[in-house]
Amino acid sequence: MSGDEMNPAAVAQAVEDIQGDDRWMAQIWRELFSPLHALNFGIGGDTTCNVLWRLQNGELDNIGPKVTVVWVGTNNHEHSAEQVAGGILAIAQLLTSRLPKTKVVVLGLLARGEWPNPLREKNVAVNSFLRSWLPRLGQTQFLDVGAGFVHSDGTISTRDMFDFLHLTAAGYRAIAKPLIDLLRQILEETPEEKRASLL
């Protein structure tokens, strides 16, 4: 893209609200995320454009979360890695401008496909762009939750992704562990906050 071209992955688009099949919501969400008073605004099939549209059209109204987690981009398979990362960056920028007291965690895209393939390479490139671009936003950090999904022979196991794209309960549990650890760390009171609450 030249500097004058519009990034199609960062152009807001409305999305039909189609919920997933609750493979992990019922068990893992209740166990790990509900105790943190978390809300899930994700919609199955989301692209960066869809998320951006919802954020621009009321989804941020009347909320003030301490942390927002963004995990989107793998469905933007028709866009280049730079465009996908640009769409994710646009989401993070909107969140930091509209919710200045909120910390933003952007999750990296996972590998996909049973064997190495161009979409997997593109997701690696997206993650590389995000690692480079996100630190400029200050209150935003990148978390790579994909460690361990690709085995030494380059394959992904059906134990983690039943169709080499969508996670199994074991796969969701694997990504939830580093995320929940980070969220607890972010949400923990600072020494100054603890002292203030004692006064």
Side-chain angles (χ1 to χ4, degrees), residues 1 5 7-13 20 24 28 33 40-52 55 67-96 102-168 170-183 185-186:
M1 294 184 316
E5 288 181 285
N7 179 355
V11 175
Q13 289 181 350
W24 73 289
I28 297 170
F33 296 98
N40 182 352
F41 294 158
I43 295 177
D46 264 348
T47 65
T48 56
C49 318
N50 305 136
V51 172
L52 196 56
L55 295 177
V67 183
T68 299
V69 177
V70 176
W71 197 22
V72 66
T74 200
N75 292 327
N76 287 81
H77 42 81
E78 73 280 6
H79 298 122
S80 72
E82 187 174 11
Q83 290 171 330
V84 177
I88 296 168
L89 181 66
I91 291 166
Q93 287 173 321
L94 180 64
L95 288 168
T96 58
T102 301
K103 299 214 183 303
V104 177
V105 176
V106 175
L107 300 184
L109 301 185
L110 299 178
R112 56 188 292 168
E114 183 177 9
W115 297 95
N117 62 74
L119 288 176
R120 219 191 257 189
E121 292 169 15
K122 182 166 76 171
N123 285 0
V124 167
V126 168
N127 290 344
S128 179
F129 282 123
L130 292 174
R131 275 189 194 91
S132 171
W133 296 347
L134 289 172
R136 300 176 200 161
L137 296 181
Q139 67 201 49
T140 303
Q141 65 186 95
F142 178 79
L143 178 63
D144 187 353
V145 291
F149 284 103
V150 177
H151 301 281
S152 59
D153 64 356
T155 63
I156 292 176
S157 170
T158 54
R159 181 183 175 278
D160 296 320
M161 296 179 183
F162 65 89
D163 61 356
F164 310 111
L165 173 62
H166 297 94
L167 294 168
T168 63
Y172 274 116
R173 202 165 279 287
I175 64 145
K177 172 73 170 104
L179 175 58
I180 205 74
D181 289 346
L182 177 61
L183 292 177
Q185 178 186 338
I186 291 171

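Sequence positions, counted from 1, serve as the residue numbers for this chain.
- Judged by distance alone, the side chain of T47 and the main-chain N or O of N75 form no donor-acceptor pair under 3.5 Å.
- With hydrogens and angles ignored, the 3.5 Å screen pairs a side-chain donor or acceptor of R120 with a backbone N or O of E114.
- How far CG of L109 is from OG1 of T74: 5.5 Å, rounded to the nearest 0.5 Å.
- In this structure, OG1 on T102 lies 7.0 Å from CD on Q139, to the nearest 0.5 angstrom.
- In this structure, the side chain of W71 engages the main chain of G108 through a donor-acceptor pair within 3.5 Å.
- To the nearest 0.5 Å, atoms CG (D46) and CZ (F41) are separated by 12.5 Å.
- Separating the CG atom in L119 from the CG atom in N76 is a distance of 11.5 Å, to the nearest 0.5 Å.
- For the pair F33/L179, a side-chain contact is recorded, criterion being any heavy-atom separation below 4.5 Å from C-beta on.
- Here the straight-line distance linking atom OG1 of T48 with atom NE2 of H79 works out to 6.5 Å at 0.5 Å rounding.
- The main-chain N or O of A92 is found under 3.5 Å from a side-chain atom of T96 such that the two form a donor-acceptor pair.
- Here the side chains of I88 and W133 are not in contact, with every heavy-atom distance at 4.5 Å or above.
- At a threshold of 4.5 Å between non-hydrogen side-chain atoms, the residues F149 and L167 count as touching.
- When all heavy atoms of H77 and K122 are compared, the pair lying nearest together is O-NZ, 2.7 Å.
- For the residue pair V51 and V72, the shortest heavy atom distance occurs at CG2-CG2, 3.9 Å.
- Sequence neighbours left out, the pairs with a member in residues 144-154 that pass side chain to side chain donor-acceptor pair (under 3.5 Å) are R131-D144, D153-T155.
- Nearest heavy atoms, A81 versus A125: CB-CB, 3.6 Å.
- Among all heavy-atom pairs drawn from A176 and I28, the shortest one is CB-CG2, 4.2 Å.
- For the side chain to side chain contact (heavy atoms under 4.5 Å, CB included) test, residues two or more places apart in sequence or in another chain that qualify with Q141 are V105, L182, I186.
- Listed here is the closest heavy atom pair of P135 and S132: CD-O, 3.6 Å.
- In this structure, L183 and V69 have side chains that are in contact, with non-hydrogen atoms separated by less than 4.5 Å.
- S157 approaches F164 most closely through the heavy-atom pair C-CE2, 4.4 Å.
- Not a single donor-acceptor pair under 3.5 Å links the side chain of Q93 to the backbone N or O of L137.
- By the 4.5 Å heavy-atom criterion applied to side chains, D181 and Q185 are not counted as neighbours.
- Residues L94 and I91 are not in side-chain contact: their nearest non-hydrogen atoms beyond the backbone lie 4.5 Å or more apart.
- Remark: the backbone N or O of A111 is not paired with any side-chain donor or acceptor of N123 at under 3.5 angstrom.
- When side chains are defined from C-beta on, I156 counts as touching V150, because their heavy atoms get closer than 4.5 Å.
- To the nearest 0.5 angstrom, F142 atom CZ is 5.5 Å from L130 atom CG.
- Sparse packing is recorded around NZ of K103, with 12 or fewer heavy atoms of other residues, nucleotides or ligands lying under 6.0 Å away.
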